[in-house]
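Take a look at the structure set out below.
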Number of protein chains: 2
Amino acid sequence: MTIRSALLALLEHKPMYGYQLRAEFERRTGATWPLNVGQVYTTLSRLERDGLVEGTGVDEDGHGMYVVTAAGREEAAAWFTTPVARSQPPRDELAIKLALAVTVPGVDVGTVIQHQRSATMTALQDYTRLKRQASSGTADSDLAWSLVLDSLVFSAEAEIRWLDHCEARVRRAAAERADDPVAPAAGPSAGPSAGNPSAATVEEVSR
Amino acid sequence: MTIRSALLALLEHKPMYGYQLRAEFERRTGATWPLNVGQVYTTLSRLERDGLVEGTGVDEDGHGMYVVTAAGREEAAAWFTTPVARSQPPRDELAIKLALAVTVPGVDVGTVIQHQRSATMTALQDYTRLKRQASSGTADSDLAWSLVLDSLVFSAEAEIRWLDHCEARVRRAAAERADDPVAPAAGPSAGPSAGNPSAATVEEVSR
DNA sequence: CCGCGCGTGTATACGTGGTATACATACCCG
DNA sequence: CGGGTATGTATACCACGTATACACGCGCGG
């Protein structure tokens, strides 16, 4: 319920109308997670249904304004103090992909890792490029957007470290299997510790 | 479309029925992202609708079996080779929360950070505890599940580093504002790296 | 023996997230 | 004056996630 809570928090600051909420959200987070306008309106009506905000007619310009209720203020405060649950983390597509890549035969894990690695590297470069032009002002929103950017950088770096780690472990697992006494050694398999460092295919890893 | 692709990849391995798919998915990823059974069936029908899998009646035990089609095999291969798009990363609830915390008045950012930090630390301890009992066998699925676990560890560590980084930057920003009549006074006074034991390698990250 | 819990297995409903799009107004500019 | 663009509201539609209904088989104790 990320969007829901975020809109609630923004409304706690001051009453707003739909379009304005979207603008404020994006101003604080950069264009990192573009928020679709439609979602704002549907979420607002759900918030009103649940008694967390209240639509107070239209203002002088004809905008449908919303104010947060007491219950809403309470829930917003709870959102800020309650840490996000790491016990059930959001699905990580990359982790799932690699987990399947090492278990499903016929997939070249090394290639998957390298493709992802270079993609993440370019993203990282984009972030650092953005950072130069983002750290100009001293406004709150600049600080927030800069922190969000840092978050992206940190997680991208972690992802690269993890990919390297995976490559090493996959290679090691392949090696263990190769000189496993009972291993059928289907073909010389070009020696996992041979020239190409990224040549660990599933044929070597699994089965 | 994570689930969709994952199921497709599993079916590429061998034909299966719904419940079995869920079991295979969880065996490879541990219980990290428990996959709801219902989702399997709805996803399977969507896959069939799109011509990527084909339901081949029931087997001798009455299970509704599914096989992947040529188009499905193609899409699965594409999924493995195409890196996950970092250009539009999934919404990060924590990053959003902090970005709003520093921009909405009346929120104690320090408290938010500390709560999250301790929550992430406990999660990290849980992971390392799990790791000991997970690295026993040598089967494919053990390697996969172990890699997934490593992914969680890496990202939790990154999160903690980021939180420390945020704390330092927020403190610095507050200090600048405090002794900032007009000109940026020289001394950062309190010193951002006061007593923090986990002093993140903030590198040349920002400012 | 029979009911009961439990694991296995399939299917559907419902709320939310996310995206596209329809629709309306205002304002600038050629 | 007519069209493009920015602002603003609203709705439709699909995908995801969870809960739940429903059915079957099997072991176990009263």
Side-chain angles (χ1 to χ4, degrees), chain A residues 1-8 10 15-27 29 31-53 55-66 75 79 84-85 87-93 96, chain B residues 1-8 10 15-27 29 31-53 55-66 75 79 84-85 87-93 96:
Chain A
M1 323 258 266
T2 328
I3 303 300
R4 176 184 156 111
S5 309
L7 294 187
L8 205 51
L10 285 175
M16 293 178 178
Y17 54 94
Y19 209 77
Q20 189 181 6
L21 274 166
R22 169 173 165 271
E24 285 297 310
F25 179 86
E26 296 203 343
R27 193 171 66 84
T29 58
T32 317
W33 304 290
L35 178 57
N36 192 283
V37 205
Q39 182 134 10
V40 176
Y41 293 101
T42 54
T43 306
L44 274 176
S45 55
R46 280 174 206 147
L47 283 171
E48 187 168 24
R49 178 201 58 188
D50 298 343
L52 303 178
V53 306
T56 60
V58 297
D59 71 346
E60 58 275 7
D61 295 327
H63 300 144
M65 302 296 289
Y66 287 86
E75 180 153 322
W79 183 61
V84 311
S87 48
Q88 280 165 21
R91 295 205 203 297
D92 181 345
E93 175 160 9
I96 292 177
Chain B
M1 321 261 267
T2 329
I3 304 301
R4 176 184 157 112
S5 311
L7 295 188
L8 204 52
L10 285 175
M16 294 179 178
Y17 55 94
Y19 210 78
Q20 190 181 7
L21 275 166
R22 168 172 165 271
E24 285 297 310
F25 179 86
E26 298 204 342
R27 194 172 66 85
T29 58
T32 317
W33 303 289
L35 178 56
N36 193 283
V37 204
Q39 182 133 8
V40 175
Y41 293 102
T42 54
T43 306
L44 275 176
S45 56
R46 280 194 283 260
L47 283 171
E48 188 167 26
R49 177 200 60 188
D50 299 343
L52 303 178
V53 307
T56 62
V58 298
D59 71 348
E60 57 276 6
D61 295 327
H63 299 145
M65 302 296 288
Y66 286 86
E75 180 153 323
W79 182 61
V84 312
S87 49
Q88 280 165 18
R91 295 203 202 296
D92 180 346
E93 175 160 7
I96 292 177

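Residue numbers begin at 1 in each chain, while the letters A, B, ... track the order of the sequences.
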Taking the side chain of [X] as its heavy atoms from C-beta onward, which of [options] lies nearest to it?
X	options	result
N36(B)	dA15(D), dT18(D), dT12(C)	dT18(D)
Q39(A)	dT12(C), dG18(C), dT10(C)	dG18(C)
I3(B)	dG17(D), dG9(C), dT9(D)	dG17(D)

How close or far is atom [atom2] of [N] from atom [atom1] of [X], stated in whole angstroms?
X	N	atom1	atom2	result
I96(B)	dG18(C)	CD1	C1'	13 Å
H63(A)	dA6(D)	NE2	C1'	12 Å
E48(B)	dA15(D)	CD	P	15 Å
Y19(A)	dT7(D)	OH	P	5 Å
M16(A)	dG8(D)	CE	C1'	16 Å
L44(B)	dA11(C)	CG	P	10 Å
L35(A)	dT16(C)	CG	P	16 Å
L8(B)	dA15(D)	CG	P	14 Å

_Has D50(A) got a side-chain atom pairing as donor or acceptor with L52(A)'s backbone, closer than 3.5 angstrom?_
no
Side-chain N or O of [X] versus OP1/OP2 of [N]: is the shortest distance under 4.0 Å?
X	N	result
Y41(B)	dA11(C)	no
R46(A)	dG17(C)	yes
R91(B)	dG18(C)	yes
Y17(B)	dT10(C)	no

*How long is the gap from OG1 on T2(A) to CH2 on W79(A), to the nearest 0.5 Å?*
7.5 Å
[X] near the nucleic acid: base, sugar-phosphate alone, or nothing, with a heavy-atom cut-off under 4.0 Å?
X	value
G38(B)	base
T43(B)	nothing
G62(A)	nothing

*asked:* Let me spell it out: for each of R49(B) and V37(B), pick the nucleotide of DNA chain D with the closest heavy atom. Which residue's pick is nearer the 5' end?
replied: R49(B)
*Looking at Y19(A), is R22(A) sitting on its ring face, NZ or CZ under 6.0 Å from the six-membered ring centre and within 45 degrees of the normal?*
yes
*If you take all heavy atoms of P90(A) and W33(B), which pair is closest and at what distance?*
O-NE1, 3.2 Å
*Test log, rule side chain to side chain contact (heavy atoms under 4.5 Å, CB included), inputs I3(A) and R91(B)*: CA-CA 9 Å; I3(A) 303 300; R91(B) 295 203 202 296; 3.3 Å; yes
